[in-house]
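Beneath this line is the structure, given in structure tokens, with notes to follow.
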Protein chains: 2
Amino acid sequence: MNRFLSNATNKIDAKGRVSVPSAFRAVLARNGTEELYACQDFVFPAISMAGPEMLDRFEKMISTLDPFSEKANRMSLVIHGGGVFMKLDAEGRLLVTDFIRDFTGITDRVTFAGRGDHFQLWEPGAFEAMQARSRAEDFRVAERPT
Amino acid sequence: MNRFLSNATNKIDAKGRVSVPSAFRAVLARNGTEELYACQDFVFPAISMAGPEMLDRFEKMISTLDPFSEKANRMSLVIHGGGVFMKLDAEGRLLVTDFIRDFTGITDRVTFAGRGDHFQLWEPGAFEAMQARSRAEDFRVAERPT
DNA sequence: TGGGCTCATATGGGCGTCAATGGGACGAGG
DNA sequence: CCTCGTCCCATTGACGCCCATATGAGCCCA
């Protein structure tokens, strides 16, 4: 499988590291992705991660604008200034930096959520709540008696 | 990686020096950049820094204008009159001059923000505010509970 | 079908290296 | 003579690299 699917919650250890689920690492390996581009998501309080091609997409989008415009500069500020390259250690773990904690509210556990061509890092409670809300509101699931 | 990405905030020491993040220095070394061209940004209250090729780009742009036009003169005023060459010390630190402080409002800490082909020096609060605003206005990020 | 075996994943921690920071010494210039 | 900038060295804390343990799932075989 070459898409990021499903979700899993892992613990952050004493050194601030967390294991990326092996299913996700398998997709990365399959795509030959060594370095991960991480950025603050535009919609959710989550960090989105994918290979460098995600950054390329964003840059292409910016390049359609006048480079001296305020909008182009502000977008670059978010895309470039708000994005980081990260790499996993030999065991497939990543360091949960303040950059990630501050934006997501993550403290001691991380929920990894597959998003097809990328995956996201969520605070477990926030993920649960947002998924439940989306299921109820956006898909109009009928209420069922308990 | 050959682009300036992510952001980091470092302290200014008693002698007015601040360490340039090693990730940025690595990009500079990769490009063989010894001297840095620094100028006041056109859009933000920040100092933009890159190798001399950034100055070349600006000069090329000006040369396309009528040299007697007011616009060309004003641009030169900013590019040349508002720009300086700086170099780092052996430990990769740069001196935060009044030129930088006055324009940015920087006092005791500096936020380095990657901008792809260059990077910027911001007053930490100003950077935070501008990025948050851009994320909200240009990317329509969802409000998140605090 | 049940027991035990094996392997992979998740997790814990030691240790060396490097980056960020602090501060002294020296030399040029006002 | 004093000030400022540069060079050099010291400290400390963070991070990367490596190895160790465990928990649990799947598998084989009786």
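Computed from a prediction, not measured in an experiment: that's the story for all the values here. Numbers restart at 1 for each chain; the letters A, B, ... are given by sequence-line order, proteins then strands.
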Next on the checklist: What I want to check is whether the side chains of B:Arg93 and B:Asn10 have a donor and an acceptor closer together than 3.5 Å.
Outcome noted: no

Checklist entry - For the residue pair A:Phe24 and A:Phe4, does the interplanar ring angle fall in the parallel (under 30°), tilted (30 to 60°) or perpendicular (over 60°) class? => result perpendicular

Next on the checklist: Let's go through A:Ile47 and A:Asp41 carefully: what are the C-alpha distance in whole Å and the side-chain angles of both, what is the deciding distance for side-chain contact (heavy atoms from CB on, under 4.5 Å) to 0.1 Å, and is it a yes or a no?
Outcome noted: CA-CA 5 Å; A:Ile47 298 293; A:Asp41 190 68; over 6 Å; no

Checklist outcome for this item: Sorted by chain and residue number, the side-chain contact (heavy atoms from CB on, under 4.5 Å) partners of B:Met61 (sequence neighbours excluded) come out as A:Phe68, B:Phe58, B:Met75

Next on the checklist: Would you say B:Lys87 places a side-chain N or O within less than 4.0 Å of OP1 or OP2 belonging to D:dG5?
Outcome noted: no

Pick out the pairs of N or O atoms, protein on one side and nucleotides 24-27 of chain C on the other, that lie under 3.5 Å.
residue : atom : partner : partner atom : Å
C:dG24  : O6   : B:Lys15 : NZ           : 2.3

Next on the checklist: So A:Asp89, base contact, sugar-phosphate only, or nothing? Heavy-atom distance under 4.0 Å.
Outcome noted: nothing

Next on the checklist: Base, sugar-phosphate or nothing for B:Ser22? Non-hydrogen atoms, less than 4.0 Å.
Outcome noted: sugar-phosphate

Item to check | Presence of salt bridge, B:Arg109 and B:Glu123, under 4.0 angstrom | outcome: no

Checklist entry - Please, which pairs that meet side chain to side chain donor-acceptor pair (under 3.5 Å) have at least one residue in residues 51-68 of chain B, sequence neighbours excluded? => result B:Arg57-B:Asp117, B:Glu59-B:His80

Item to check | Whether A:Trp122 and A:Phe44 hold their rings parallel, tilted or perpendicular, with breakpoints at 30° and 60° | outcome: tilted

Item to check | A:Asp108: side-chain hydrogen bond (donor to acceptor under 3.5 Å, both in side chains) partners, not counting sequence neighbours | outcome: none

Checklist entry - Would a hydrophobic clustering, with Ile, Leu, Val, Met, Phe, Trp and Tyr connected at side-chain separations under 4.5 Å, put A:Leu65 with A:Leu55? => result yes

Checklist outcome for this item: To the nearest angstrom, the NZ-P distance between B:Lys11 and D:dT11 comes to 18 Å

Item to check | Rounded distance in Å - CD1 (B:Ile12) to C1' (C:dG22) | outcome: 15 Å

Item to check | Interatomic distance where CZ belongs to A:Arg25 and C1' belongs to C:dT11 [whole Å] | outcome: 12 Å

Next on the checklist: Within residues 110-128 of chain A, which residues have any heavy atom lying less than 4.0 Å from an atom of DNA chain C?
Outcome noted: none

Checklist entry - What integer distance in Å separates B:Asp13:CG from D:dT11:P? => result 18 Å

Checklist entry - Are B:Val110 and B:Phe127 linked, directly or through other ILVMFWY residues, by side chains that come within less than 4.5 angstrom of each other? => result no

Checklist entry - Among B:Val20, B:Asn7, B:Thr9, whose side chain to side chain contact (heavy atoms under 4.5 Å, CB included) with B:Phe112 holds? => result B:Val20

Checklist outcome for this item: note: A:Asn10, atom CG; C:dT9, atom C1'; distance rounded to Å ~ 9 Å

Checklist entry - Taking DNA chain C as the partner, which of residues 90-109 of chain B come within under 4.0 angstrom of it by heavy atom? => result B:Glu91, B:Arg93

Checklist entry - Expressed in angstrom and rounded to an integer, what is the separation of B:Leu88 atom CG from C:dA20 atom C1'? => result 14 Å

